[in-house]
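Reviewing the structure listed below.
For reference, positions follow the sequence shown, starting with 1.
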Amino acid sequence: LGDIVSIVVGYYGNNGAVIVGDRRNIIFRGDPEKRKELEKELYSGKIKDDEELKKVAENMGIKIFIEDEREKVRKIDNVLVGEVKSIGADSQRRRMYLTKGKCVVVDILNDTITNKSVKNGSGIILFGNRYLKNIVQEELKKYMNNFGRMNISDVKNIIENAVKNAMVQHYLRNSILYILIENPLK
């Protein structure tokens with residue numbers, strides 16, 4: 001199972017589009033129940049760094065592989081793309097495609113699209129684990145009704161700060177953050 005610690009947040013509206021995502025990737029190998037237990041400990045705040053995570057995982061009989069090079073967000077022409085994935089017996093991916101005023105969300109199982117939704121107007125899309133998404137969502141609730149009236153760089157700053165706050169609270173404090181912005185004025 002991979003991308004268990006992911007957070008990818010996208011905004012689309014008439015003022016532009018923004019996407020923010022971490023670059024941390026942790027692959028867990030071992031008993032599924034033990035992996036769930038390890039995930040719970042990871043987000044409880046008890047595990048403070050990579051070395052402690054490795055030690056706790058080893059004690060549970062779980063093998064882990066950690067990297068900070070996963071490209072979860074990218075730009076293709078004028079489209080911002082974000083993706084999270086889980087790899088086990090099957091490969092499950094979830095992608096968002098964002099442009100000014102439009103969003104497409106696609107779910108992929110192995111190489112087959114299983115769901116696709118198209119949204120017009122404005123909105124926020126959150127991918128990742130429930131712990132990080134809840135923290136980011138609570139922070140963004142304060143501002144999201146005003147996003148459409150804001151400069152896109154202000155929206156970017158708010159989303160970036162919300163994601164950084166979530167990362168600091170839950171283990172990703174040392175992970176690399178990657179931010180892309182599509183400004184319709186360009």
Exceeds 12 heavy-atom contacts within 6.0 angstrom, atom NZ of Lys119: no
Is there a path of hydrophobic side-chain contacts, each under 4.5 Å between heavy atoms of I/L/V/M/F/W/Y residues, joining Val81 to Ile113? yes
Under 3.5 Å, is there a donor-acceptor pair between the side chain of Asn165 and the main chain of Asn161? no
Using a strict threshold of under 4.0 Å (side-chain N to carboxylate O), is an ion pair present between Lys164 and Glu160? yes
Give, for atom OG1 of Thr99 and atom CG of Asp77, the distance between the pair rounded to the nearest 0.5 Å. 12.0 Å
Does a salt bridge link Glu58 with Lys55, judged by any charged N lying under 4.0 Å from a carboxylate O? no
dist Ser91:OG -> Ile108:CD1 (nearest 0.5 Å) comes out at 8.5 Å
Is it true that Thr112 and Asn110 share a donor-acceptor pair across their side chains at a distance under 3.5 Å? no
Heavy-atom pair of closest approach, residues Phe127 and Met96: CE1-N, 3.5 Å
Output for pair (Lys72 NZ, Ile7 CD1), nearest 0.5 Å, gives 9.5 Å
Min side-chain heavy-atom separation Tyr97-Ile76 under 4.5 Å: no
At what distance, to the nearest 0.5 angstrom, does CG of Leu126 lie from CD1 of Ile135? 12.0 Å
Please step through side-chain contact (heavy atoms from CB on, under 4.5 Å) for the pair Asn157 and Met150, ending with a clear verdict. CA-CA 11 Å; Asn157 290 337; Met150 292 181 177; over 6 Å; no
So which heavy atom on Val73 is nearest to which on Val20, and how close? CG1-C, 4.2 Å
Within this structure, what is the CG-CD1 distance for the pair Asn15 and Ile152, rounded to the nearest 0.5 Å? 4.5 Å
Using the rule salt bridge (Lys or Arg N to Asp or Glu O under 4.0 Å), only one of Arg95, Arg94, Arg93 pairs with Asp107; which is it? Arg94
Could you walk me through whether Leu140 and Ile158 pass side-chain contact (heavy atoms from CB on, under 4.5 Å), step by step? CA-CA 8 Å; Leu140 294 181; Ile158 291 168; 3.9 Å; yes
Rounded to the nearest 0.5 angstrom, the OH-CE distance for Tyr11 and Met144 is 10.5 Å
If you compare all heavy atoms of Leu38 against all heavy atoms of Ile64, which two are closest, and at what distance to 0.1 Å? CD2-CG2, 4.3 Å
Counting only N and O atoms by type, is there a donor-acceptor contact under 3.5 Å from the side chain of Arg35 to the main-chain atoms of Ile62? no
Kindly check if the number of other-residue, nucleotide or ligand heavy atoms within 6.0 Å of CD (Glu52) is above 12? yes
If you look at every heavy atom in Leu98 and Gly10, which pair is closest and at what distance? CD1-CA, 3.5 Å
Shortest non-hydrogen contact from Ser122 toward Gly13: CB-CA, 3.6 Å
At their closest point, which heavy atom of Ile124 faces which heavy atom of Tyr12, and how far apart are they? N-CE2, 4.4 Å
As a quick check of understanding, evaluate side-chain contact (heavy atoms from CB on, under 4.5 Å) for Leu53 and Ile66, giving each step before the final call. CA-CA 10 Å; Leu53 174 61; Ile66 302 170; 4.0 Å; yes
